[in-house]
Amino acid sequence: MTPDLFGAAPPGLTYLPGFALAEEAALIAAALDVAAAAPLRVMSTPGGRKMSAAMTNCGAAGWVSDARGYRYERHDPLTGRLWPEMPKLFVKLAQAAAAEAGFAGFSPDVCLINRYEPGAKMALHQDRDEADFSAPIVSVSLGLPAVFLWGGAKRTDKPARLTLHSGDVVAWGGTTRLNFHGVAPLRPGRHALLGAVRLNLTFRRAL
Ligand code: MD3
Ligand code: FE
């Protein structure tokens, strides 16, 4: 068994424990505002399987998945409207975290919001639908803790495990931008603000 890592991050990943904790409530409120305008929905893979996390987006485009494939779209297919604007607080936080991780000048154009309930997971995958792999990705965890799986360049590379708590931020880019990664099934629990839910925000340069 691989032990969880507390305070130590696997190579190629910058782990900023509690970086967003002071803004936790405001970030949750802003994410729920986004979800009020662009509802969280469970997408299907191109192969026709339902994902287990629900998702939505804000920013200049949104990540969508359906029978036609994975891609970024400027309009929300569910509402037909543009995705909600990225909250200013999101932009500030993502830029501050990226700078802390050595990626000064990062300016995300998309934020993907994932909602996990107990049992939901995300299988090992690469994020390769973005136009610009030179930009990093910044991830903010809110609500229930989750075990993040951090693999390597190949699907078969054994993933390290890192428990992410509410307010934790991770950032990576450069040589590890295309690493495989995933999320182990969420364990039951209650978070003071979100209840039995984990939200994850990932900031990308997609267009
Ligand atoms: C490492 N989300 O939305 S965020 C995703 O917790 C996604 O919801 C997970 O994977 C979540 O695509 C993990 C952390 C993450 C995101 C993208 C990465 C780690 C990454 C891309 C490359 C390497
Ligand atoms: Fe991903």
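The chain is numbered in sequence order, starting from 1. Order of listing sets the numbers, starting from 1, for every ligand and every atom in it.
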Whether Arg198 engages the ring of Tyr116 as a cation-pi pair (distance to the six-membered ring centre under 6.0 angstrom, angle to the ring normal within 45°) should be assessed. yes
Examine Asn200 against ligand 1 and note whether any of their N/O atoms are separated by less than 3.5 Å. yes
Minimum non-hydrogen distance to atom 21 (C) of ligand 1, winning option of Glu130, Gln126, His125, His181: His181
CD of Glu73 to CG of Leu82: how many Å apart, nearest 0.5 Å? 12.0 Å
Taking Asp66 first and then Arg71, would you say they form a salt bridge - that is, a charged N and a carboxylate O separated by under 4.0 Å? yes
Looking at Asn179, which atoms of ligand 1 are within less than 4.0 Å of one of its heavy atoms? 22 (C), 23 (C)
In terms of ring plane angle, is the pair Phe90 and Phe203 parallel, tilted or perpendicular, where the classes change at 30° and 60°? perpendicular
Quick check: of its N, O or S atoms, which one does His181 have closest to the Fe ion (ligand 2)? NE2
Which atoms from ligand 1 have a heavy atom of Phe148 less than 4.0 Å away? 13 (C), 14 (C), 15 (C), 19 (C)
Taking only heavy atoms of Arg198 into account, list the atoms of ligand 1 that are under 4.0 Å away from them. 6 (O), 8 (O), 11 (C)
Pull out every atom of ligand 1 sitting under 4.0 Å from any heavy atom of Leu112, numbered as shown with elements. 3 (O)
What atoms of ligand 1 come closer than 4.0 angstrom to any heavy atom of Asp127? 12 (O), 16 (C), 17 (C), 18 (C), 21 (C)
Round to 10° and report the angle made at the Fe ion (ligand 2) by OD1 of Asp127 and NE2 of His125. 90°
Report, in ascending order of atom number, the atoms of ligand 1 lying under 4.0 Å from any heavy atom of Arg204. 3 (O), 5 (C), 12 (O)
Salt-bridge test for Asp129 and Arg204: reply yes if a basic N is under 4.0 Å from a carboxylate O, no otherwise. no
Nearest neighbour of atom 7 (C) of ligand 1 from the list Met55, Arg115, Met122, Arg128, on a heavy-atom basis: Met122
Taking all atoms of both residues into account, what is the closest heavy-atom pair of Ala97 and Val169, and its distance? CB-CG1, 3.7 Å
